[in-house]
Protein chains: 2
Amino acid sequence: MATLKQPSQVLTFVSPTGEASTPEIDGIVLDVIGRVADKWTMLVLEVLAQHGVQRFTRIGQLVGNISQRMLTKTLRQMEQDGFVTRTVYPEVPPRVEYQLTELGESLCAAFCSVWTWAETHQVELKALREARDRYTTTTL
Amino acid sequence: MATLKQPSQVLTFVSPTGEASTPEIDGIVLDVIGRVADKWTMLVLEVLAQHGVQRFTRIGQLVGNISQRMLTKTLRQMEQDGFVTRTVYPEVPPRVEYQLTELGESLCAAFCSVWTWAETHQVELKALREARDRYTTTTL
DNA sequence: CTGTATCCACCGGGATACTG
DNA sequence: CAGTATCCCGGTGGATACAG
């Protein structure tokens with residue numbers, strides 16, 4: 001983001017020289033977060049971390065309900081970002097194996113705390129959601 | 001090494017019959033991840049964590065390019081999820097303040113490692129991307 | 001100031017069909 | 001097996017206008 005594009009009337013107020021109160025979040029970091037904060041990416045990351053090198057179809061099975069299209073796109077993106085390696089064996093039928101790179105593993109480790117947080121607070125979160133749902137129900 | 005978490009009950013292999021018994025990652029956790037892995041949510045979370053209680057417009061400024069619509073939606077969602085509290089002061093002009101709850105702060109802390117990871121590897125990531133972009137010079 | 005409501009363009013993502 | 005190519009629908013999110 002942060003692309004050139006006259007912010008017509010957005011809340012932004014990027015001062016010319018920066019400074020002032022510009023606690024803007026670093027663009028690169030933000031961009032990285034944007035890529036990584038993808039549902040399928042996180043799931044594939046998880047799968048490869050737990051099961052090691054796997055083939056295309058296998059990953060799809062392990063992830064769960066994911067279409068070929070999304071699996072392909074996700075894996076390609078992850079490959080581009082250097083999170084996984086893609087190895088094609090010139091056989092017939094073809095065999096393609098995916099494996100986490102060290103970068104991918106380190107990312108996975110970083111996400112571990114979030115995953116743990118989700119598990120730790122799932123009861124609490126579920127309760128909150130149900131409480132909210134009770135309000136939202138009758139109002140329709 | 002960097003395994004995300006122990007095999008626990010999260011992922012299961014496909015049963016011998018070919019039926020995908022429980023390949024899904026825990027629904028609640030996945031759902032939570034889905035909500036939390038939102039760009040704007042993460043940014044607002046970050047902003048509130050760093051700047052403490054803030055008003056609507058101010059949050060918008062601190063976040064950067066975010067439309068009112070998205071800011072409102074994000075804040076509402078976060079309020080529903082119990083990440084922030086919303087305090088309306090019956091004044092004119094109106095003043096509304098948002099503040100992280102303890103839950104929100106704990107989530108933010110969990111995300112800290114991801115944020116740190118992004119910062120730590122940003123050079124590496126940038127290099128990878130640029131290398132890729134050079135290949136993508138396949139004109140139009 | 002703090003929103004809500006609307007219109008609308010974009011694209012994420014499922015379903016399906018075809019290829020090497 | 002491991003994709004690629006289309007169609008297509010619904011959600012995301014920006015722009016704009018209006019309200020309390």
Side-chain angles (χ1 to χ4, degrees), chain A residues 1-14 30 33-44 47-48 53-80 84-99 136 139, chain B residues 14 18 20 24 30-31 33-44 47-48 53-80 84-99 138:
Chain A
M1 62 178 280
T3 344
L4 322 178
K5 165 186 185 179
Q6 52 285 51
S8 57
Q9 205 58 334
V10 194
L11 299 171
T12 315
F13 76 132
V14 184
L30 176 56
I33 295 293
R35 288 160 174 274
V36 151
D38 175 66
K39 175 186 171 187
W40 298 128
T41 300
M42 289 179 61
L43 290 176
V44 170
V47 163
L48 288 180
V53 51
Q54 293 293 330
R55 301 176 62 173
F56 182 84
T57 304
R58 185 66 170 179
I59 295 174
Q61 295 172 347
L62 293 171
V63 165
N65 278 336
I66 183 173
S67 61
Q68 282 193 340
R69 174 185 155 83
M70 278 305 104
L71 182 54
T72 301
K73 283 188 63 174
T74 302
L75 286 170
R76 286 285 184 278
Q77 182 65 61
M78 291 176 72
E79 189 189 358
Q80 297 292 337
V84 299
T85 56
R86 177 173 180 268
T87 309
V88 182
Y89 295 87
E91 307 171 352
V92 49
R95 185 167 101 252
V96 180
E97 293 185 342
Y98 295 89
Q99 179 173 22
T136 323
T139 326
Chain B
V14 186
E24 303 262 347
L30 177 55
D31 191 35
I33 295 294
R35 288 160 175 275
V36 151
D38 175 66
K39 175 186 170 186
W40 298 127
T41 300
M42 290 179 61
L43 290 176
V44 171
V47 163
L48 288 179
V53 51
Q54 293 294 331
R55 300 177 60 173
F56 183 83
T57 304
R58 183 60 177 166
I59 295 174
Q61 294 172 345
L62 293 171
V63 166
N65 272 342
I66 182 173
S67 61
Q68 284 190 341
R69 173 184 155 84
M70 279 303 104
L71 182 54
T72 300
K73 282 188 64 175
T74 302
L75 286 170
R76 287 286 183 278
Q77 181 66 60
M78 291 175 73
E79 188 188 359
Q80 296 292 339
V84 300
T85 56
R86 178 172 179 267
T87 309
V88 182
Y89 295 87
E91 308 171 354
V92 48
R95 185 167 103 253
V96 180
E97 292 185 343
Y98 295 88
Q99 181 173 21
T138 328

Taking only nitrogen or oxygen atoms into account, show me every contact under 3.5 Å that the protein makes with nucleotides 18-20 of chain D, one pair per line with its distance.
none

A/Glu91 CD to D/dC1 P, in whole Å, measures 13 Å
B/Trp40 CH2 to D/dG13 C1': how many Å, rounded? 9 Å
B/Asn65 has an atom CG; how far is it from atom C1' of D/dA15, in whole Å? 13 Å
To the nearest angstrom, the CD-C1' distance between B/Glu79 and C/dG3 comes to 13 Å
Between C/dC1 (C1') and B/Glu97 (CD): distance, integer Å: 13 Å
Between CZ on residue A/Arg86 and CZ on residue A/Phe56, distance to nearest 0.5 Å: 9.5 Å
Find the distance between OH (B/Tyr98) and CE (B/Met78) and round it off to the nearest 0.5 Å. 10.5 Å
Rounding to an integer number of Å, can you tell me how far B/Tyr89 OH sits from C/dG3 C1'? 18 Å
Which residue lies toward the 5' end of DNA chain C, B/Leu75 or A/Ser67, if each is placed at its nearest nucleotide? B/Leu75
Where along nucleotides 5-12 of chain C does protein come under 4.0 Å, by heavy atom, of base (B) or sugar-phosphate alone (S), with - for untouched nucleotides? -B-----S
How long is the gap from CG on A/Asp38 to CE on A/Met70, to the nearest 0.5 Å? 9.0 Å
Say you draw a straight line from CZ of B/Arg58 to CG of B/Leu48; how long is it, rounded to the nearest 0.5 Å? 12.0 Å
Calculate, to the nearest 0.5 Å, the distance between atoms CD and CD1 belonging to A/Gln61 and A/Ile66 respectively. 12.5 Å
Here the gap from A/Asn65 atom CG to A/Trp40 atom CH2, rounded to the nearest 0.5 Å, amounts to 7.0 Å
Please give, in whole Å, the distance from C/dG13 P to A/Arg76 CZ? 17 Å
Whichever of B/Thr72 and B/Arg55 has the more 5' nearest nucleotide on DNA chain C, that residue is B/Arg55
Rounded off to whole Å, could you give me the CG-to-P distance for the B/Leu71 and D/dT12 pair? 17 Å
